[in-house]
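Here is the structure we will look at.
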2 protein chains.
Amino acid sequence: MLNNSQYIKKLRNSGLRPTKQRIKICEVLFNTDKTFHFTINELVTRISKVSDDKISLATVYNTVHSFKKKGYLKEIPINSDQSYFDTNTSHHHHFYDEGQKNLIDIDDADVEPVKINTKIPGKRIKSVEVLVKVEDDKS
Amino acid sequence: MLNNSQYIKKLRNSGLRPTKQRIKICEVLFNTDKTFHFTINELVTRISKVSDDKISLATVYNTVHSFKKKGYLKEIPINSDQSYFDTNTSHHHHFYDEGQKNLIDIDDADVEPVKINTKIPGKRIKSVEVLVKVEDDKS
DNA sequence: CAATAGTTTAGAACAATTATAATGTAGAAA
DNA sequence: TTTCTACATTATAATTGTTCTAAACTATTG
């Protein structure tokens with residue numbers, strides 16, 4: 001929930017030039033109290049709804065990837081025909097309904113800390129992500 | 001670790017006709033003590049190494065999908081440019097090294113049961129999958 | 001053996017994503 | 001300000017993984 005000058009500051013601080021496309025995308029992604037999930041296509045649709053001058057698809061891809069690299073977005077690890085991104089970069093998990101292709105956050109507090117009792121030599125754990133697949137409960 | 005007549009039986013029992021293509025794919029996937037991960041492309045390569053007559057790409061896709069549906073294979077939920085499958089259908093989890101695109105099994109016994117303290121009305125949990133992303137430990 | 005329902009196949013089609021290369025622009029230096 | 005340059009954007013082409021199609025093939029049943 002920032003205004004444009006704050007996005008500009010944020011972008012500059014992370015070494016990204018504050019172009020009008022990036023600022024627009026910041027607005028679409030972060031000008032809301034609620035975090036949300038999206039695919040590139042859904043983002044393009046959202047952008048076109050709030051703006052008259054459109055942003056090219058390539059730029060949307062580029063920007064989402066730089067934002068991900070800077071830690072402003074997370075990619076959600078599900079197998080799908082397209083990638084899902086999350087504006088909620090806090091540590092949390094997901095329910096996924098494969099039938100409806102519906103993703104729902106699971107608050108970190110609702111998942112007991114996952115203990116991994118093994119490790120790989122020379123590697124450090126970067127993240128632990130839990131994906132809970134759900135289906136209709138027809139019982 | 002079965003011989004062909006056992007694959008034939010297995011296929012028939014699950015309502016799949018035991019064609020020579022499916023039997024060949026069974027051999028490549030299941031004639032080993034160790035379970036493993038693969039992409040469709042890697043599977044095609046493996047097949048071509050042990051067999052002279054090739055199986056069309058469409059058939060490999062079809063077969064992997066039917067085997068998945070029958071529960072002989074699992075798909076591993078990671079974001080990648082291609083899908084990963086696992087011949088280990090037991091309940092277990094994965095380490096994933098994004099840098100090297102390397103997947104490693106985590107034995108179920110090495111992960112404390114994941115407790116989810118929330119639920120979605122009308123939905124039932126189908127699976128809980130833990131993906132542990134790792135990176136080089138340069139400490 | 002004949003009928004038929006399920007399979008395989010090559011290749012086309014498709015969809016998501018990435019690459020290309022020309023044009024545009026932000027920010028720094030003069 | 002003007003100029004310069006490195007970074008960004010763009011339209012479009014190319015690429016890649018996957019699915020579709022429809023014709024040929026084959027395992028199974030009667």
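Reminder, nothing fancy here: chain letters follow the sequence lines and each chain counts from 1.
In this structure, A/I78 places its CD1 atom 14 Å from P of C/dA16, rounding to the nearest Å. The NZ-C1' distance, from B/K69 to C/dG6, rounds to 14 Å in whole Å. In this entry the distance linking CZ of A/R22 with P of C/dG27 reads 10 Å, nearest Å. The separation between A/K9 atom NZ and C/dA26 atom P is 19 Å, rounded to whole Å. Following rounding to the nearest Å, A/Y7 (OH) and C/dA26 (P) show an atom-to-atom distance of 20 Å. Between the P atom of D/dT26 and the CD1 atom of B/I55 lies a distance of 14 Å, rounded to the nearest Å. D/dA27 atom C1' lies 16 Å from atom CG of B/N13, rounded to whole Å. The CD-P distance, from A/Q82 to D/dT18, rounds to 14 Å in whole Å.
Closest of all the heavy-atom pairs between A/H94 and A/D105 is NE2-OD1, 3.0 Å.
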ask   = Should A/K123 and B/D136 be marked as a salt bridge (charged side-chain N to carboxylate O under 4.0 Å, His left out) after you check the CA-CA gap, both sets of side-chain angles, and the distance that decides it?
value = CA-CA 5 Å; A/K123 302 286 175 186; B/D136 285 336; 2.5 Å; yes

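Nucleic acid contact for B/T39: none, since no nucleic acid atom lies under 4.0 Å from a heavy atom of the residue. B/L16 comes within contact range of the sugar-phosphate backbone alone, with a heavy-atom separation under 4.0 Å but no base atom that close. A/L57 comes within 4.0 angstrom of a nucleotide base, judged by non-hydrogen atoms across all strands.
B/F85 and B/L57 fall within the same hydrophobic cluster, defined by Ile, Leu, Val, Met, Phe, Trp and Tyr side-chain heavy atoms under 4.5 Å apart, directly or through other members.
Residue B/R12 places no side-chain N or O under 4.0 Å from the OP1 or OP2 atom of D/dA27. For the OP1/OP2 pair of D/dT9 and a distance below 4.0 Å, the side-chain nitrogens and oxygens of A/R17 include no atom meeting the criterion. Phosphate proximity of D/dT19 to B/H65: present, with a side-chain N or O under 4.0 Å from OP1 or OP2. OP1 and OP2 of C/dT18 both lie 4.0 Å or more from every side-chain N or O belonging to A/Y61. Side-chain nitrogen and oxygen atoms of B/Q21 include none within less than 4.0 Å of the OP1 or OP2 phosphate oxygen of D/dT26.
Taking only side-chain atoms of B/P18, from C-beta outward, the nucleotide of C/dA19, D/dA27, C/dT9 with the closest atom is D/dA27. Comparing atom distances between the A/I40 side chain and each of D/dT10, D/dT18, C/dT17 picks out C/dT17 as nearest.
Listed for the B/R12 side chain is no donor-acceptor partner under 3.5 Å among the backbone atoms of B/P18.
Looking only at atom types and distance, the side chain of B/Y72 has a donor-acceptor partner in the side chain of B/S14 under 3.5 Å away.
Mapping B/K20 and A/G15 onto DNA chain D by nearest heavy atom places A/G15 closer to the 5' end of the strand. Looking at which nucleotide of DNA chain C each of B/N62 and A/T19 is closest to, the 5′-most match is held by B/N62.
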